[in-house]
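See structure below.
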Amino acid sequence: MRIMLKDGSVKEYGQPMSAYEIAADISEGLARVACAAWVDGKVVDLRTVIDKDCELSILTANDQEGLRVIRHTASHVLAEAVKRLFPEAKLAIGPSIDTGYYYDFEHAPFSREDLDKLEGEMKKIIKEGRKLEKFTLPREEAIKFMEEKKEPYKVELIRDLPEDAEISFYSQGDFVDLCAGPHLMSTKGIKAFKLTSSSGAYWRGKSENAMLQRIYGTAFNKKEELAEYLEYLDNIKNRDHNKLGREMELFTTVDVIGQGLPLLMPKGTKMVQTLQRWIEDLEDNEWGYVRTKTPLMAKSDLYKISGHWDHYKDGMFVLGDEDKDKEVFALRPMTCPFQYYVYKATQHSYRDLPIRYGETSTLFRNEDSGEMHGLTRVRQFTISEGHLIVRPDQMVEEFKGCIALAKHVMTTLGLQDDITWHLSKWDPDNKEKYIGEPEVWNQTEQHIRDILVELELPFTEEAGEAAFYGPKVDINAKNVYGKEDTMITIQWDALLAEQFDMYYIDQNGDKVRPYIIHRTSMGCYERTLAWLIEKYAGKFPTWLCPEQVRILPISEKYAEYASKVEKELKKNGILATTDNRSEKIGYKIRETRIAKVPYMLVVGEKEEAAGLVSVRSRFEGDEGQKTLEEFISRICEEIRTKEIRRETVSE
């Protein structure tokens with residue numbers, strides 16, 4: 001048989017060989033570091049026997065797929081350690097993931113002390129150097145095998161497989177787990193690992209199922225790589241908006257209020273207010289929007305017309321019982337049908353279009369409790385929502401305009417390098433989820449595709465992610481843990497005008513259906529705040545800061561001068577406070593740095609006598625003495641232009 005290697009060279013063998021034996025034939029050193037093999041596009045065990053011509057690559061820890069095999073094996077070692085220390089635990093699933101691996105168990109929550117004990121047990125298992133060996137069983141025998149081991153989750157997984165399937169298992173000594181592989185040859189191949197955290201997780205990700213306990217871990221080939229990753233984890237934990245936002249007193253949550261219902265504290269409220277006023281002024285004064293204000297709830301009749309009652313009811317908060325109450329209401333999950341009736345209240349001609357409606361909308365969505373996360377996944381949120389009513393011949397240019405506005409907003413916030421573009425399409429295999437004919441969907445998706453290509457925006461296409469009434473562009477970003485969520489949506493709708501009997505009078509006096517663009521210019525204010533916290537680690541651009549300047553009098557004698565400085569700053573729209581505590585100036589400076597305030601103005605005898613302020617900033621450190629007028633002029637320009645200053649000094 002002929003084996004073509006990664007470098008294009010060919011090995012010939014007269015008998016079947018395992019991938020490991022071929023690796024050893026190539027180089028003993030390669031065999032020692034090999035993790036798995038790539039055979040004709042599929043990753044397989046090194047123990048896999050090759051008996052025909054193929055393309056072969058030997059994978060090591062330097063290959064992403066090789067590293068995944070190390071991590072997958074580490075998840076099995078974790079499972080064995082859990083069964084040793086907590087024999088009553090039930091096994092669920094334990095895959096490798098981009099950052100390491102996890103394993104789900106039916107068990108009481110695991111403490112950090114439990115994880116430390118499990119790490120110790122894992123080290124023992126690794127030191128024992130257990131060989132991992134694969135075997136298969138017919139489906140019914142596999143079910144019986146796992147029933148005897150009293151592993152109900154494994155039994156459920158097997159029952160979901162085809163009746164004629166052969167089920168594969170891996171053993172490492174006495175421990176056996178249901179698994180398709182691939183795995184290392186031995187547990188000794190795990191060189192450096194760490195259990196990083198634990199949390200609750202629903203079985204199969206569904207809230208109606210049992211809550212399991214998920215243990216996260218990671219593994220690397222070298223201790224140095226692990227240490228570097230753990231340092232990175234510490235850094236992102238310090239950026240996590242859930243942690244930092246609370247420390248900075250931007251928001252909080254309370255159990256008796258409920259999951260997904262965060263309380264914005266004064267500083268967080270000021271930031272959202274700044275963002276909201278900016279977006280409203282930007283849309284109204286520069287992009288031609290007119291503002292509406294519509295109810296937070298409506299009768300079910302409205303949502304039945306739009307189609308939301310049939311396609312989205314489970315995601316809504318419904319007030320009342322259809323079987324008992326004459327009228328049933330629901331809190332709104334979107335604003336579009338409300339703004340349609342604003343449009344319908346007046347007859348419009350083709351000359352009136354486009355009409356761009358904007359609204360700062362508070363919305364409600366009945367998210368699963370397991371999906372709640374800080375400010376990024378909530379049940380009540382406020383959004384920069386808008387709907388453009390346009391003639392068909394205006395649709396492409398208006399859609400481009402919505403993309404341009406979104407790009408401008410992201411660039412101003414400094415997030416332009418962190419976003420990805422996605423064309424979210426319908427799923428033609430599940431037509432019942434959507435309204436409209438396939439031809440309409442195909443045409444509108446092609447229009448969006450052409451726009452993204454013309455604008456040279458790199459994008460991926462995601463089938464099944466469209467709303468039930470139209471395809472869309474989703475602009476996504478990842479949080480510090482790599483979880484991706486949507487920031488901005490721009491949606492092409494050629495269908496709902498028909499549902500609501502919307503029309504305009506064309507130049508011939510005929511009634512014509514308009515097209516609609518559903519869009520956000522920034523998206524959800526709460527989610528944007530979360531991303532800003534993590535992006536800047538709390539060190540926001542000055543224009544966004546809830547406290548832009550802190551005045552630090554050297555002693556009580558200069559409190560009156562500090563008060564005059566504060567009044568002058570506030571007169572110019574600058575968010576300023578004064579620290580009048582009887583503390584040493586060095587302590588006040590340190591406290592201001594910890595609070596991440598962009599500027600501090602130190603005032604004492606010299607400053608008062610000359611009408612000056614001593615300026616210290618996050619950006620350049622000690623900037624020396626300046627007149628108050630000079631400082632005000634400069635910071636006002638920085639705020640007006642929304643400049644993002646970079647720090648040139650370390651604290």
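If you read the sequence from its start, that first residue is 1, and numbering goes on from there. These numbers were taken from a predicted model, which means no experiment stands behind them.
A side-chain N or O of Thr294 and one of Arg332 form a donor-acceptor pair less than 3.5 Å apart. Under the 3.5 Å distance criterion, with hydrogens and angles disregarded, a donor-acceptor pair is assigned to the side chains of Thr542 and Glu638.
You'll find the side chain of Leu233 stays beyond 4.5 Å of the side chain of Lys194, heavy atoms only. Using a 4.5 Å heavy-atom cutoff, the side chains of Met487 and Met410 are in contact. Contact annotation: the side chain of Leu496 approaches that of Ile435 to within less than 4.5 Å [non-hydrogen atoms, C-beta and beyond]. Between Thr412 and Trp278 there is a side-chain heavy-atom pair separated by less than 4.5 Å. In this structure, the side chains of Glu445 and Trp492 stay at 4.5 Å or more apart for every pair of heavy atoms. Proximity of Asp98 to Arg68: side-chain heavy atoms (C-beta onward) are separated by under 4.5 Å at one or more points. Looking at Val549 and Val565, their side chains never come closer than 4.5 Å, going by heavy atoms from C-beta outward. Residues Tyr525 and Thr360 have side chains in contact (heavy-atom distance under 4.5 Å, counting atoms from C-beta outward).
Of the possible donor and acceptor atoms, none in the side chain of Tyr504 sits under 3.5 Å from a partner among the backbone N and O of Leu353. No donor-acceptor distance shorter than 3.5 angstrom exists from the side chain of Arg616 to the backbone of Met600, with no hydrogens or angles considered. For the pair Asp240 (side chain) and Asn242 (backbone), a donor-acceptor distance under 3.5 Å is present. In terms of modelled atom types and a separation under 3.5 Å, the side chain of Ser306 and the main chain of Tyr303 share a donor-acceptor contact. With Ser361 contributing its side chain and Leu363 its backbone, the two residues share no donor-acceptor pair below 3.5 Å. The main-chain N or O of Ile488 is never found under 3.5 Å from a side-chain atom of Arg519 such that the two would form a donor-acceptor pair. With Glu283 contributing its side chain and Tyr289 its backbone, the two residues share no donor-acceptor pair below 3.5 Å. When atom types are taken as modelled, the side chain of Asn572 and the backbone of Glu568 share a donor-acceptor pair closer than 3.5 angstrom. Of the possible polar contacts, one joining the His348 side chain to the Thr346 backbone as a donor-acceptor pair under 3.5 Å is found. Judged purely by atom type and a 3.5 angstrom limit, Lys344 uses its side chain to pair as donor or acceptor with the backbone of Phe500.
A salt bridge links Lys400 to Glu454: at least one charged side-chain nitrogen sits closer than 4.0 Å to a carboxylate oxygen. Salt-bridge formation is not detected for the pair Glu637/Arg634: no Lys NZ or Arg NE/NH1/NH2 atom is positioned less than 4.0 Å from an Asp or Glu carboxylate oxygen. For the pair Glu280 and Arg277, the salt-bridge criterion is not met [side-chain N within less than 4.0 Å of a carboxylate O]. Between Arg645 and Glu620 a salt bridge is recorded (basic side-chain N to carboxylate O distance below 4.0 Å). Taking the charged nitrogens against the carboxylate oxygens, Lys433 and Asp427 have no contact shorter than 4.0 Å, which rules out a salt bridge.
Here the CG-CD1 distance, from Leu575 to Ile639, works out to 7.0 Å after rounding to the nearest 0.5 Å. In this structure, the separation between CG on Asn476 and OG1 on Thr489 is 8.0 Å, given to the nearest 0.5 Å. Here the CZ atom belonging to Arg593 is positioned 12.5 Å from the CZ atom belonging to Arg618, to the nearest 0.5 angstrom. With rounding to the nearest 0.5 Å, the separation of CD in Gln339 from CD1 in Ile355 is 11.0 Å. Gln499 contributes atom CD, which lies 10.0 Å from atom CZ of Arg513 (distance to the nearest 0.5 angstrom). Taken to the nearest 0.5 Å, the CG atom of Leu413 stands 7.0 Å off from the OH atom of Tyr536.
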*Check the pair Met502, Ile516 against side chain to side chain contact (heavy atoms under 4.5 Å, CB included), reporting the backbone distance first and the verdict last.*
CA-CA 10 Å; Met502 298 166 65; Ile516 302 165; 4.1 Å; yes

*Tell me, with the steps shown, if Thr577 and Glu547 meet side-chain hydrogen bond (donor to acceptor under 3.5 Å, both in side chains).*
CA-CA 7 Å; Thr577 62; Glu547 182 184 7; 2.4 Å; yes

*asked:* Apply side chain to side chain contact (heavy atoms under 4.5 Å, CB included) to residues Leu302 and Tyr341 and explain how you reach the verdict.
replied: CA-CA 10 Å; Leu302 179 70; Tyr341 279 100; 3.4 Å; yes

*Run the numbers on Thr486 and Arg527 for side-chain hydrogen bond (donor to acceptor under 3.5 Å, both in side chains), then give the verdict.*
CA-CA 9 Å; Thr486 299; Arg527 185 175 290 178; 5.3 Å; no

*Show the numbers, then the answer: is there a side-chain hydrogen bond (donor to acceptor under 3.5 Å, both in side chains) between Glu231 and Asn235?*
CA-CA 6 Å; Glu231 183 179 347; Asn235 178 51; over 6 Å; no

*Trace of the side-chain hydrogen bond (donor to acceptor under 3.5 Å, both in side chains) decision for Glu484 with Thr420*: CA-CA 9 Å; Glu484 191 171 70; Thr420 55; 3.1 Å; yes

*Check the pair Met316 / Asn366 against side chain to side chain contact (heavy atoms under 4.5 Å, CB included), numbers first and verdict last.*
CA-CA 5 Å; Met316 298 166 65; Asn366 192 9; over 6 Å; no

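Cation-pi geometry between Arg379 and Phe317 is not satisfied (NZ or CZ under 6.0 Å from the ring centre, within 45° of the ring normal). Judged by the 6.0 Å distance and 45° axis criteria, Arg71 is positioned over the aromatic ring of Phe220. A cation-pi arrangement is not found for Arg391 relative to Tyr350, the charged atom failing to lie both closer than 6.0 Å to the ring centre and inside a 45° cone about the ring normal.
Trp543 and Gln548 make their closest contact through O-NE2, 3.7 Å (heavy atoms, listed as atom of the first residue, atom of the second, distance). In plain terms, the two heavy atoms of Ala595 and Arg550 that are nearest each other are CB-NH2, 3.6 Å. Nearest heavy atoms, Ala406 versus Ile475: CB-CD1, 3.8 Å. Between Val440 and Ala494, the shortest heavy-atom distance links the atoms CG1-CB, 4.2 Å. Nearest heavy-atom pair, Tyr343 versus Tyr503, reported as atom, atom and distance to 0.1 Å: OH-O, 2.9 Å. The minimum heavy-atom distance between Lys267 and Glu249, with the atom names listed, is CB-O, 3.8 Å.
With a 6.0 Å radius and a threshold of 12 heavy atoms from other residues, nucleotides or ligands, Glu437 has its CD atom at or below the threshold. Other residues, nucleotides and ligands contribute more than 12 heavy atoms inside 6.0 Å of the CD atom of Glu461. Atom NZ of Lys642 has more than 12 heavy atoms from other residues, nucleotides or ligands within 6.0 Å.
Ring pair His408/Trp287 is tilted by interplanar angle, where 30° to 60° counts as tilted. Between His308 and Tyr469, the ring-plane angle classifies as perpendicular under the 30° and 60° cut-offs.
With sequence neighbours excluded, no residue forms a salt bridge (charged side-chain N to carboxylate O under 4.0 Å, His left out) with Asp622. Residues passing the side chain to side chain donor-acceptor pair (under 3.5 Å) test with Glu629: none are found, sequence neighbours excluded.
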